[in-house]
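Heavy atoms only: backbone and side chains are in, while hydrogens, waters and symmetry mates are out.
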Amino acid sequence: MYSPSPFSDAFVRLTEPHAAWGAEQLETFNAFLPAGPWTADLAQRIYRQAGRDLRISILGSYDASDGSWLWGWANPGFRDMPTVGAAEAVRQYGQTHGIREFTEEVVDLSGCADPRRAVETLAFGAMGVLGAAGYLGVQASEDARLYMVPDDAQVPWAAPDPVTLPRTLLTGAGVHGSSAHAVVAGYFDHHRLPQRHAPGRISADLPTGTTVDVSFDDAGRIGAVEVGGIGGPAGAISHP
């Protein structure tokens with residue numbers, strides 16, 4: 001059973017369609033960025049990790065001492081700097097769509113059962129609505145983590161993979177556990193794949209010509225993901 005989301009209905013409704021695509025893209029981004037020590041020149045928007053330079057934009061920071069998230073556009077140290085462009089875009093999105101988590105200067109996450117997971121969900125949701133190529137969080141001090149998104153053409157974009165697609169869709173559906181249908185439809189939208197909707201089912205054709213059929217159970221969860229094509233089924237996975 002899914003635990004209730006600590007976020008508003010508006011946040012869940014408008015970020016959930018990005019969840020499966022975001023999980024797929026984040027995996028690609030993490031594979032691209034080598035592990036190792038990091039430095040950042042925030043004024044120049046340059047982040048370096050293990051010798052690789054990356055142009056970035058700041059989202060915000062998390063203070064573990066009081067469980068609060070501070071958006072970059074509200075941070076006096078960054079305010080009006082180009083480096084908070086992504087945070088400002090998220091704020092504007094929140095104003096347009098009525099998402100309080102994106103418009104409040106400080107988001108209190110201290111009451112969440114798992115504040116660390118909540119802050120990752122917040123950053124992940126921001127990545128989704130931005131259509132960013134990933135996000136990263138680094139330990140800036142003993143209690144503070146800084147979150148950024150890449151703004152760099154060298155970051156690769158994920159493509160639908162018939163082998164990993166079932167896992168990708170189930171991972172996305174598990175982020176909030178509210179509307180698996182929105183997660184699946186949003187994934188196909190991100191990849192601009194024409195969809196065919198039928199009661200309890202969404203189908204789409206991948207660029208490879210492979211057909212994906214996603215069925216939903218009576219509770220609205222993903223019941224099965226069947227990936228097939230010429231030569232027979234390429235894979236299938238069912239919800240337990």
Side-chain angles (χ1 to χ4, degrees), residues 2-7 11-35 54 56 59-60 62 86 90 93 99 101-102 112 114 116-138 145 147-152 155-193 195 202 204 206-208 210 212-216 220-227 234-240:
Y2 296 113
S3 58
S5 172
F7 296 99
F11 177 90
V12 173
R13 184 178 67 257
L14 291 165
T15 63
E16 199 161 36
H18 308 290
W21 168 83
E24 177 184 71
Q25 180 58 37
L26 191 57
E27 191 170 300
T28 296
F29 175 65
N30 289 338
F32 161 79
L33 193 63
L54 197 65
I56 54 86
L59 282 178
Y62 174 66
V90 172
Y93 185 93
I99 305 177
E101 290 89 344
F102 288 165
C112 299
D114 187 345
R116 179 63 180 274
R117 180 177 179 180
V119 76
E120 296 294 332
T121 302
L122 183 61
F124 182 68
M127 169 197 161
V129 300
L130 288 170
Y135 83 88
L136 62 154
V138 295
R145 287 181 64 81
Y147 285 81
M148 299 161 280
V149 291
D151 180 18
D152 198 311
V155 180
W157 293 97
D161 184 339
V163 175
T164 61
L165 183 54
R167 172 174 58 83
T168 295
L169 294 178
L170 285 172
T171 297
V175 172
H176 292 294
S178 176
S179 174
H181 192 281
V183 170
V184 174
Y187 176 86
F188 292 143
D189 279 343
H190 264 284
H191 288 293
R192 300 181 180 178
L193 302 176
Q195 305 175 39
I202 300 178
L206 301 183
T208 58
T210 303
V212 181
D213 292 300
V214 184
S215 60
F216 305 90
R221 303 173 303 177
I222 293 177
V225 180
E226 299 176 359
V227 185
I237 188 166
S238 298
H239 195 289

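- Put simply, the side chain of M148 reaches to within 4.5 Å of the side chain of V138, judged on heavy atoms.
- Taking the side-chain contact (heavy atoms from CB on, under 4.5 Å) definition, one finds that D114 meets it with R116, R117, sequence neighbours left out.
- Of all the heavy atoms in V163 and D161, the pair that sits closest is N-OD1, 2.9 Å.
- Minimum interatomic distance between L193 and A204 (heavy atoms only, all atoms of both residues): CB-CB, 4.5 Å.
- Of all heavy-atom pairs between G220 and A180, the closest is O-CB, 3.5 Å.
- Listed for the Q25 side chain is no donor-acceptor partner under 3.5 Å among the backbone atoms of G134.
- Among residues two or more places apart in sequence or in another chain, the side-chain contact (heavy atoms from CB on, under 4.5 Å) test is passed with H190 by H18, W21.
- In terms of the side chain to side chain donor-acceptor pair (under 3.5 Å) criterion, residue partners of T208 (sequence neighbours excluded) are, by chain and number, T210.
- Q195 contributes a side-chain N or O that, together with a main-chain N or O of A185, makes up a donor-acceptor pair within less than 3.5 Å.
- Put simply, the side chain of Y62 does not reach to within 4.5 Å of the side chain of L122, judged on heavy atoms.
- Sorted by first and then second residue, the salt bridge (Lys or Arg N to Asp or Glu O under 4.0 Å) pairs involving residues 168-188 (not counting sequence neighbours) form an empty list.
- What you find for P150 and Y135 is that their closest heavy atoms are CD-N, 4.1 Å.
- Contacts of L14 classified as side-chain contact (heavy atoms from CB on, under 4.5 Å), with partners at least two apart in sequence or in another chain: Y93, H97, I99.
- For F102, the ring-ring contact (aromatic ring centres under 6.0 Å, His included) partners are F11, W71, not counting sequence neighbours.
- Taking CZ of R13 as the reference point, atom OG of S178 lies at 9.5 Å (rounded to 0.5 Å).
- Contact record, A173 with V183: N-CG1, 3.7 Å, taken as the closest heavy-atom pair.
- Applying the side-chain contact (heavy atoms from CB on, under 4.5 Å) rule to D151 yields the partners R45, R55; only residues at least two apart in sequence or on another chain are considered.
- Considering only residues two or more places apart in sequence or on other chains, D213 meets the side chain to side chain donor-acceptor pair (under 3.5 Å) condition with S203.
- Legend: residues meeting ring-ring contact (aromatic ring centres under 6.0 Å, His included) with F216, ordered by chain and number and at least two apart, are H181.
- The stretch residues 178-188 participates, sequence neighbours left out, in no salt bridge (Lys or Arg N to Asp or Glu O under 4.0 Å) pair at all.
- Distance check: L169 CG to I202 CD1 gives 9.5 Å after rounding to the nearest 0.5 Å.
- Between the side chain of E16 and the backbone N or O of A182, no donor-acceptor pair lies under 3.5 Å.
- Atom NE2 of H176 sits about 3.5 Å away from atom OG1 of T15, to the nearest 0.5 Å.
- The side chain to side chain donor-acceptor pair (under 3.5 Å) test applied to E24 returns Y187, H191, not counting sequence neighbours.
- Counting only residues at least two apart or on different chains, no salt bridge (Lys or Arg N to Asp or Glu O under 4.0 Å) pair has a member in residues 122-135.
- When every heavy atom of P160 is checked against every heavy atom of L206, the shortest pair comes out as CB-CD2, 3.9 Å.
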